[in-house]
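Since the structure comes first, as structure tokens, the remarks are kept for the end.
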Amino acid sequence: MSRNSASDAVPVNLPLERRLAVAVEQYGESAVVSRSLSLMAGNNEGADFLLFVGGEHAQGILDGAPVLYWPELWGLRALLYVWNDSAAAAVIRTLDNPAWRVREMGARVVAARDLPAASELAQLLTDDVPRVRVAAARAMGAVGAEEDLDLIRGLLKDAEVEVRRGAQQGLDTLRGRFPRH
């Protein structure tokens, strides 16, 4: 495929939310969710869809750069903007992904979509990657229960300042949901 044929048809210069709105207009909401889930499963959804979810960065993959975890991540990230409940189980499964960026994004989507994944998030609170611990603490604040306060509190002594900040944000959110504490 020539560099311009797919990218000419996809508004790669638009912000993600607007690109995805165009994709929904073109394919329908259900198809965008389905194709995003397919990317998350490691499938090829074609150059045009990859450009919708990955933007200009996807062109590098189309030009031969290593795929790594990027399509998987982009499919998952699309679920922040386009959703149906059929995606819930697949999103929760990403919390155990070998790629830390996918685990981090999975935690963000869990929080945004209010998915019941507190036990999976609890495991991520001890992840080796600080950004994953931050995302897990924030997500736990959004979807956790009162008894999860102590799990998040443990991160207030983390060696990484960003993790401590994320833990405080998670605690503040959780306390806001359960004001007795």
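With a 6.0 Å cutoff to the six-membered ring centre and a 45° limit on the axis angle, R35 counts as a cation-pi contact of Y27.
Side-chain contact between W70 and L50 is absent, with no heavy-atom pair separated by less than 4.5 Å. In this structure the side chain of P71 reaches within 4.5 angstrom of the side chain of V67, judged on heavy atoms. A 4.5 Å side-chain heavy-atom check between V22 and R19 finds every atom pair outside the cut-off. Residues V110 and V91 have side chains in contact (heavy-atom distance under 4.5 Å, counting atoms from C-beta outward). Considering only heavy atoms from C-beta on, L156 comes within 4.5 Å of L171 through its side chain. Contact annotation: the side chain of D127 approaches that of R103 to within less than 4.5 Å [non-hydrogen atoms, C-beta and beyond]. Two residues are said to be in side-chain contact when any heavy atoms from C-beta on lie closer than 4.5 Å; L62 and L51 meet this criterion. Within the 4.5 Å cutoff, the side chain of D96 has no heavy atoms near those of the E120 side chain.
Taking OG of S36 as the reference point, atom CG of L20 lies at 7.0 Å (rounded to 0.5 Å). With rounding to the nearest 0.5 Å, the separation of OH in Y69 from CZ in R101 is 4.0 Å. Rounding to the nearest 0.5 Å places CD of E160 at 8.0 Å from CZ of R164. Between the CZ atom of R18 and the CG atom of L16 there is a distance of 12.0 Å, given to the nearest 0.5 Å. L76 contributes atom CG, which lies 6.5 Å from atom CE of M105 (distance to the nearest 0.5 angstrom). With rounding to the nearest 0.5 Å, the separation of CZ in R93 from CG in L37 is 8.5 Å.
With sequence neighbours excluded, the residues forming a side-chain contact (heavy atoms from CB on, under 4.5 Å) with A112 are L80, listed by chain and number. Remark: D148 engages no residue in a salt bridge (charged side-chain N to carboxylate O under 4.0 Å, His left out) (not counting sequence neighbours). In this structure, the side-chain contact (heavy atoms from CB on, under 4.5 Å) partners of E29, at least two apart in sequence or on a different chain, are V24, V82.
A pairwise comparison of heavy atoms in I152 and G141 identifies CD1-N, 4.0 Å as the closest pair. Taking each heavy atom of S30 and N84 in turn, the nearest pair found is CA-ND2, 4.2 Å. Among all heavy-atom pairs drawn from G106 and L95, the shortest one is C-CD2, 3.5 Å. Of all non-hydrogen atoms in I61 and P66, the two that sit nearest each other are CG1-O, 4.0 Å. Between A117 and I92, the closest heavy-atom pair is CB-CG1, 3.9 Å. Looking at every heavy atom in both residues, L151 comes nearest to M140 through CD1-CE, 4.3 Å.
For R133 (side chain) and T126 (main-chain N/O), no donor-acceptor pair under 3.5 Å exists by modelled atom type. At distances below 3.5 Å, at least one donor-acceptor pair connects side-chain atoms of R113 with backbone N or O atoms of L79. With hydrogens and angles disregarded, no donor-acceptor distance shorter than 3.5 Å links the side chain of S38 to the backbone of S34. Between the side chain of R77 and the backbone N or O of V53 there is at least one donor-acceptor pair closer than 3.5 Å.
Shown here is D172, whose CG atom has more than 12 heavy atoms of other residues, nucleotides or ligands within 6.0 Å. Surrounding CG of D128 are at most 12 heavy atoms belonging to other residues, nucleotides or ligands under 6.0 Å away. Around the CD atom of Q26, the shell of radius 6.0 Å holds more than 12 heavy atoms that belong to other residues, nucleotides or ligands.
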Derivation and outcome, side chain to side chain contact (heavy atoms under 4.5 Å, CB included), residues L155 and L125:
CA-CA 8 Å; L155 292 179; L125 294 173; 3.5 Å; yes
CA sep, side-chain torsions, deciding dist, call: N97, E72, side chain to side chain donor-acceptor pair (under 3.5 Å)
CA-CA 10 Å; N97 192 285; E72 198 173 345; 2.4 Å; yes
Worked verdict on V32 versus F52 for side chain to side chain contact (heavy atoms under 4.5 Å, CB included)
CA-CA 10 Å; V32 170; F52 272 118; over 6 Å; no
